[in-house]
Amino acid sequence: MKTLIEGGTVITAIDITAADVLVEDETIVAIAAPGSHSWADEADKVIDASGKYVIPGGIDPHTHMELPFGGTSASDSFESGTRAAAWGGTTTIVDFAVQVKGESLVGGFDDWMERAEGNCAIDYGFHMIAGDINDESLADMDVLIDRGCTSFKLFMAYPGVFYSDDGEILRAMQKAAETGTLIMMHAENGMAIDVLRAQALERGETDPVYHGLTRPVITESEATHRAIKLAELAGAHVYIVHMSAKEAVAEVAEARDAGQPVFGETCPQYLFLSHEDHLSKEGFEGAKYVCSTPIRKRADGHQDALWTSLATNDLQVVSTDHCPFCMDDHPTLGTQKKLGIGDFTAIPNGLPGVEDRYQLIYHGGVVGGRFDLNRWIELCATAPAKLFGMYPKKGTIAVGSDADIVIFDPGTEWTKSVDQHHMDVDYSAYEGMEVKGKVETVLLRGKVIVDGDEYLGRKGDGAYLPRERMSVHH
Ligand code: URP
Ligand code: ZN
Ligand code: ZN
């Protein structure tokens, strides 16, 4: 099966080229100047990309399909969440398998592999949440590395749930250093936050806004600093997830400037939304925007600083941390965000976004004049592929790479709404936002799975993607 994509502008993290792309079965087999070949004669299918961008499928290295959290589970299943990702031009996710206290690391991994198997619309890999660091789980890390899971997430937050203390973190980092794998860190001082939360509730402060107010900047920047220092002590690479505070980003930048292998990501919610306009909305409405780390105050300059850090490479990746919970009851999962009416600490943490990211970062970054087209691709596809051991199979348009290709119309203007998204959640975090640029066609390993308004894929199109170790150091 040969597919020719002709007349488009191919954009990678490096180049912007008027070029035609020839796909054979699942792979990109040739790229050439328009008119310099006769591929149309032999192609089974020709896609006209005139006036459009031809870009690599997006890679979202931080999603939580079906994550159990706070007495419920994230509302997107692997089936619905990966289909929504496809609509948004993302063709690979790296989700998080979960080990909880008292259970084995390999057991948790097997459970999450089973949940995903046969259900995904796009390719998927797993990081492993190590929630119980001990001799057995450290030994199990070797088993998972052999199975293509080469990154491990630790939590300095959520005591009693996923939390690891500094000694446990150091041991896991030593193991990561020994094996050349990557530690991903949820950097918030969970012990201090728990004190602040209890004190707020004692004062009768129960609204969603207190979620943000009891996770002040210093709880993120202190934990980020500590994670970086522990990584230095262990000689490990560390990647700080879902960063929202400019002071925490400054810790990453300082370490990178000193030559330490430290990396960081932020997410669209921290770039576009704010404490003032969203988290502190009247009544219970702010629950829509409850996530950790919290969305921060625009008046303090966090959003602008995050955009700048993406432009200057102080941060390397935009992921979503997709972890949706419905405001009204979910048909099968029941009460979700409303578990926290009258007690903000019981609101499940997380926001939807897997469908939104690629287009939103084009809109805010490129249309907004903050960085160029190449950097957009780097942040949303190429850098995640390199950092998480998928490059050059994924994350670029090159001969030999998987034919994960998005045809993107840079000119379409439209309004975001829950009515047009495909995520299994009853609100959009970006409701009413007017944006430019739209995903038009999506190919997963050569198969057209989205064609305009039509979904042509099916569950099970996506395959498990065993990952190598990271292929960049800075
Ligand atoms: O609020 C968030 N971030 N929910 C998902 C779990 C996590 O900490 O990544
Ligand atoms: Zn986290
Ligand atoms: Zn997360």
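Just so you know, ligand 1 is whichever comes first in the structure, and atom 1 is the first atom listed for that ligand. Residue indices begin at 1 and follow the sequence shown. Treat the numbers as computed from the prediction; the structure is a model and nothing was measured.
Heavy-atom proximity to atom 9 (O) of ligand 1, evaluated over Lys153, Glu188, His186, is greatest for Lys153.
Looking at Cys291 against ligand 1, both its backbone and its side chain come within 4.0 Å, counting heavy atoms. Proximity of His322 to ligand 1, defined as any heavy-atom pair under 4.0 Å, is not found for any part of the residue. With a heavy-atom cut-off of 4.0 Å, Asn349 touches ligand 1 through backbone and side chain alike. Using a 4.0 Å cut-off between heavy atoms, Phe96 makes no contact with ligand 1 at all.
Near Ser292, the atoms of ligand 1 lying under 4.0 angstrom from a non-hydrogen atom of the residue are 1 (O), 2 (C), 3 (N). Near His62, meaning under 4.0 Å from one of its heavy atoms, ligand 1 places the atoms 9 (O). Heavy-atom contacts of Gly350 reach the following atoms of ligand 1: 1 (O), 4 (N) (cutoff under 4.0 Å). Residue Phe155 has at least one heavy-atom neighbour below 4.0 Å for each of these atoms of ligand 1: 8 (O). For ligand 1, the atoms lying closer than 4.0 Å to a non-hydrogen atom of Cys323 are 5 (C).
When only non-hydrogen protein atoms are considered, atom 6 (C) of ligand 1 lies nearest to His64 NE2, 3.7 Å. Of the protein's non-hydrogen atoms, Asp321 OD2, 2.6 Å is the one closest to atom 3 (N) of ligand 1.
Ionic pairing of Glu232 and Lys229 is present here: one or more N-O contacts between side-chain nitrogen and carboxylate oxygen are shorter than 4.0 angstrom. Look at Arg296 and Asp300 and you find no salt bridge, because none of the NZ, NE, NH1 or NH2 atoms lies under 4.0 Å from a carboxylate O. Here Asp142 does not pair with Arg147 in a salt bridge; the nearest charged N to carboxylate O distance is not below 4.0 Å.
Annotation for Ile59 and Lys394: closest pair CD1-CB, 3.6 Å, computed over non-hydrogen atoms.
Residue Ser244 forms a side chain to side chain donor-acceptor pair (under 3.5 Å) with just one option from Gln269, His302, Glu220, and that option is Glu220.
Tyr362 and Trp376 have tilted rings, their planes meeting at an angle from 30° to 60° on a 0 to 90° scale.
If you count the protein N, O or S atoms nearer to the Zn ion (ligand 3) than 2.8 Å, you get 3.
The distance between the ring centers of Phe388 and Tyr239 falls below 6.0 angstrom. Ring centroid separation for the pair Trp112 and Phe96 does not come in under the 6.0 Å cut-off. Between Phe162 and Phe155, the distance separating the two ring centers is shorter than 6.0 angstrom. Aromatic ring centres of Phe272 and Trp307: separated by under 6.0 Å. Aromatic ring centres of Phe69 and Tyr158 lie closer together than 6.0 Å.
Not a single N or O atom of Thr293, backbone or side chain, sits closer than 3.5 Å to an N or O atom of ligand 1.
Under a 4.0 angstrom heavy-atom cut-off, Phe162 registers as lying outside contact with ligand 1.
Figure legend: Lys337 and Phe325 shown without cation-pi pairing, the cationic atom not lying both under 6.0 angstrom from the six-membered ring centre and within 45 degrees of its axis.
For Asp329 and Thr335, the side-chain atoms include at least one donor-acceptor pair closer than 3.5 Å.
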